[in-house]
Amino acid sequence: MGKGKFPVEKLQAIQTPFYYYDAEVLRQTLRTINEEAGKYEGFVVHYAIKANANPKILRIIREAGMGADCVSGGEIEASIKSGFPNNKIVYAGVGKADWEINLGLDNDIFCFNVESIPELEVINELAAAKGKVARVAFRLNPNVGAHTHANITTGLAENKFGIAMRDMLDVIEEAEKLANIRFVGLHFHIGSQILDMGDFEALCNRVNELQNILDSHRIRVEHINVGGGLGVDYAHPNRLPIPDFKAYFSTYAKKLKLRPGQTLHFELGRAMVAQCGSLITRTLYIKKGAVKKFAIVDAGFPDLIRPALYQAYHKIENITSEEPNDTYDVVGPICESTDVFAKQIDLNGTRRGDLLAIRSAGAYGEIMASQYNCRKLPIGYMSDDL
Ligand SMILES: *Cc1c(COP(=O)(O)O)cnc(C)c1O
């Protein structure tokens, strides 16, 4: 059973729990994305800030030339602060508040991804008040299912996201009546942790159908944005640290029929940052229960909520023990039965004081941390800085 590479002595000196980010894994991931997306004319990649907004992560991603995909005013602020160019910032969300829209307008962002007519009208009003014209794409709900956890599918007709396809022409017509709106694109996002390229292919087919309808009405958009959603291999962070970007981008290149001059935008979150991060936690106690052994650690669901929230699997390694394997439930200190990181997993023989690495935690980890139980938020350290 191979383990990840960790600078164990340096990590020993840091107060646990904390996030550790391997800058080399992140840079390699970004290089692969640029290489694979770069094979195709007009492909533009954004980073979905919501996966991880640690400034050190944002800086490396911005340096790789990615745009930013934001879902709140706070994320627009974070991306600007980290130096993402305004004209590479897109902003989506079902519930944009006025101050958030104003922030986007003041910064002349690339595009608002709009999810309803009432929202469109508010953006028009706020843009008029500033004497500006807002660039707008409509987020359509493609009614394409993704074979992933029910809580993270977003592209089904029953989900709250997006505008129904049958309303597409009406909303475009509405946009064309509004003086301070410029309609420039179509936006989609079908879910997260998607590993079946057939799901993205289904989205491509849908986009092609919708573009055919637009053609028949002589409507031409500047860009198509297909969102994010590419998954990672949580079971094999060492063997397969880089997601299959080749298959991902080539699926879109083969299946989605762009019109001349159109750009195709992607908003990858998880696939960019999940594998570079680990939550490092210290073993407090080994407790022998009636039927099993518990490794009680100092991290809990306030530090990494995915297992409690989605029953998500994260591989766990004891990075300070080479002893023969034993079987443990790895649990946190919080007074909730869901505060469990893994049940009945094999770890090298574990004792009080051992460091465990909870792997593939770079996405939706640190950023979702809370202070529940008056705990301190975990700090994220970049390998470059240790
Ligand atoms: C969450 C989200 C993404 C990123 O999803 P990943 O699964 O992390 O790639 C992209 N676009 C939108 C609109 C989102 O809400």
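In what follows, residues are counted from 1 in the order of the sequence shown. Quick caveat, the model's predicted, so the values are computed rather than measured. Counting starts at 1 for both ligands and their atoms, in listed order.
Taking every non-hydrogen atom of Ser192 and a distance limit under 4.0 Å, the qualifying atoms of ligand 1 come out as 6 (P), 7 (O), 8 (O). Heavy-atom proximity to Gly228, at under 4.0 Å, picks out these atoms of ligand 1: 9 (O), 10 (C). Against a heavy-atom cut-off of under 4.0 Å, Arg270 is close to the following atoms of ligand 1: 6 (P), 8 (O), 9 (O). Residue-ligand proximity, Ala48 to ligand 1, at heavy-atom distances under 4.0 Å covers atoms 3 (C), 4 (C). Close approach of ligand 1 to Tyr364 is summarised as follows: ligand atoms under 4.0 Å from at least one heavy atom of the residue are 1 (C), 4 (C), 5 (O), 6 (P), 8 (O).
A donor-acceptor contact closer than 3.5 angstrom links the side chains of His314 and Arg306. For the 3.5 Å distance criterion, the side chains of Gln275 and Ser360 qualify, holding a donor opposite an acceptor.
Nearest heavy atom pair, residue Pro307 against residue Val340, reads CB-O, 3.6 Å.
Distances between N or O atoms of Ala51 and those of ligand 1 include no value under 3.5 Å. Taking only nitrogen or oxygen atoms, main chain and side chain alike, Gly229 reaches within less than 3.5 Å of ligand 1.
Residue contacts with ligand 1 leave out Ala271, since none of its heavy atoms falls under 4.0 Å from the ligand.
Exactly one of Arg220, Lys257, Gln262 qualifies for a side-chain hydrogen bond (donor to acceptor under 3.5 Å, both in side chains) with Gln211. That residue is Gln262.
With respect to atom 11 (N) of ligand 1, the closest heavy atom belonging to the protein is Glu267 OE1, 2.6 Å. Shortest contact from atom 5 (O) of ligand 1 to any protein heavy atom: His189 CE1, 3.4 Å.
When hydrophobic side chains of Ile, Leu, Val, Met, Phe, Trp and Tyr are connected at separations under 4.5 Å, Phe18 ends up clustered with Phe6, Val8, Leu11, Ile14, Tyr20, Ile280, Ile319, Leu355, Ile379, Tyr381, Leu386.
Using a 4.5 Å cut-off between side-chain heavy atoms of Ile, Leu, Val, Met, Phe, Trp and Tyr, with links allowed through other members, Tyr310 and Tyr234 fall into different hydrophobic clusters.
Comparing heavy-atom distances from atom 15 (O) of ligand 1 across His46, Lys50, Met272, His265 singles out Lys50 as nearest.
Because its NZ or CZ atom is not both nearer than 6.0 Å to the ring centre of Tyr364 and within 45° of the ring axis, Arg270 does not count as a cation-pi partner of that residue.
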Could you walk me through whether Asp329 and Gln344 pass the side chain to side chain contact (heavy atoms under 4.5 Å, CB included) test, one step at a time? CA-CA 5 Å; Asp329 279 18; Gln344 295 297 288; 3.0 Å; yes
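In Asp69, the part holding a heavy atom less than 4.0 Å from any atom of ligand 1 is the side chain.
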